[in-house]
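One structure is given here, and the rest of the page talks about it.
All chains are named by letter (A, B, ...) in the order of the sequence lines, taking the proteins before the strands, and each is independently numbered beginning at 1.
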2 protein chains.
Amino acid sequence: MTEDWAGRLREQGFRITPQRQLVLESVNSLEHGTPEEILTEVQRTASGVNLSTVYRTLEVLEGVGLITHTHIGHGSPVYHSTDQSPHLHLVCDGCAVVISIPAAAGGEFAADLEETYGFTPAMTHMAVTGLCKSCASSTVVT
Amino acid sequence: MTEDWAGRLREQGFRITPQRQLVLESVNSLEHGTPEEILTEVQRTASGVNLSTVYRTLEVLEGVGLITHTHIGHGSPVYHSTDQSPHLHLVCDGCAVVISIPAAAGGEFAADLEETYGFTPAMTHMAVTGLCKSCASSTVVT
DNA sequence: GTATATGCAAAGGGTTTGCACGGTT
DNA sequence: AACCGTGCAAACCCTTTGCATATAC
């Protein structure tokens with residue numbers, strides 16, 4: 001975990017609270033946790049913490065750059081520490097498995113979009129959906 | 001609009017109703033409409049149509065292959081006719097503009113994912129977020 | 001006539017917000 | 001002591017569902 005997470009918060013005028021520490025630790029340990037999952041993890045240590053606190057805390061932690069989130073399909077976004085090396089998410093529409101791959105894998109595509117359309121993609125922010133190997137071979141087309 | 005939309009529905013055992021026609025027409029004319037927007041458009045002709053009907057109808061129309069949807073960030077998905085040539089969506093985080101580009105633009109990237117990870121992406125299903133040219137140059141980083 | 005589609009209203013998931021209390025600084 | 005952060009509950013948005021009625025076939 002970012003060693004100076006507390007300093008990071010203080011610098012920007014935020015206070016250090018047990019909730020913030022616990023949420024940050026949970027984001028780290030879960031790796032791809034939704035707010036609900038993060039709450040559950042936090043509550044293993046501090047059962048009184050509220051879901052709204054988790055949402056507010058995630059916003060703060062993201063604001064100071066300690067975490068980011070990715071939209072992985074229809075449900076809640078998932079959060080991860082910015083300690084992790086930047087990665088893209090491949091989400092299988094069949095079995096919902098999430099494959100993380102180095103952000104560099106999208107480098108050429110990103111450069112292309114930049115050049116051709118003047119658009120600077122943040123490809124880590126939205127997952128790429130599709131079918132994983134096993135689901136592609138056993139696909140049932142409705 | 002797909003000339004034989006009615007046949008397409010009938011073939012699969014669905015009935016032809018004014019609502020289905022109106023929803024399909026609205027999806028066509030709006031090009032990137034959310035369910036709510038589609039309802040509003042439909043209601044210009046038939047004010048009594050209900051939002052739940054729109055949802056159910058979109059599901060049916062997508063099921064028979066007349067329309068598809070794309071997730072464009074946090075809000076509701078947007079629907080488009082399958083008559084349109086397949087395209088990717090670039091969505092600006094700054095001004096929310098949606099740029100449609102030929103699906104072919106992602107071909108190399110897709111081939112790469114396939115080869116390296118055995119993953120077959122459906123890149124038209126999730127938008128690519130990022131910053132458009134003008135927002136990239138005037139970025140206010142909070 | 002029969003089964004499907006619709007309208008309505010209620011319920012459901014996920015997220016945000018107002019407010020008073022409690023904790024950090 | 002002042003102010004920020006939290007818990008709680010209510011509100012909110014989007015979507016789905018149960019049910020009785022209406023409609024396409």
Taking the six-membered ring where the residue is Trp, are the ring centres of His125(B) and His71(B) under 6.0 Å apart?
-> yes
The helix from dG1(C)-dC25(D) to dT25(C)-dA1(D): angle between end helix axes, five pairs per end, rounded to 10 degrees = 30°
Output for pair (Leu88(A) CG, Ile99(A) CD1), nearest 0.5 Å, gives 11.5 Å
Go through the structure and list residues passing ring-ring contact (aromatic ring centres under 6.0 Å, His included) with Tyr55(B), not counting sequence neighbours.
-> none
Interatomic distance, Gln21(B) CD vs dA5(C) P [rounded to whole Å] | 16 Å
Heavy atoms, side chains only, cut-off 4.5 Å: are Arg20(B) and Phe14(B) in contact?
-> yes
Qualifying residues under salt bridge (Lys or Arg N to Asp or Glu O under 4.0 Å), relative to Glu41(B), sequence neighbours excluded = Arg44(B)
May I have the distance from His74(B) (atom NE2) to dT15(D) (atom C1'), rounded to whole angstrom?
-> 18 Å
Quick check, are the ring centers of His80(B) and His69(B) under 6.0 angstrom apart?
-> no
If the sugar-phosphate is the primed atoms plus P, OP1 and OP2 and the base is the rest, what is the B/S/- string for nucleotides 19-25 of chain D, using protein heavy atoms under 4.0 Å?
-> ----BBS
Quick one: what's the B/S/- string for nucleotides 10-16 of chain C, heavy-atom cutoff under 4.0 Å, read 5' to 3'?
-> ----SBB
Would one find a side-chain N or O of Gln19(A) under 4.0 angstrom from OP1 or OP2 of dG7(D)?
-> yes
When the distance from CG of Leu22(A) to C1' of dG5(D) is rounded to whole Å, what number comes out?
-> 14 Å
Quick one, which residues of residues 40-50 of chain B touch DNA chain C with a heavy atom under 4.0 Å?
-> Gly48(B), Val49(B), Asn50(B)
Could you give the CD-to-C1' distance, from Gln12(A) to dC4(D), as a whole number of Å?
-> 16 Å
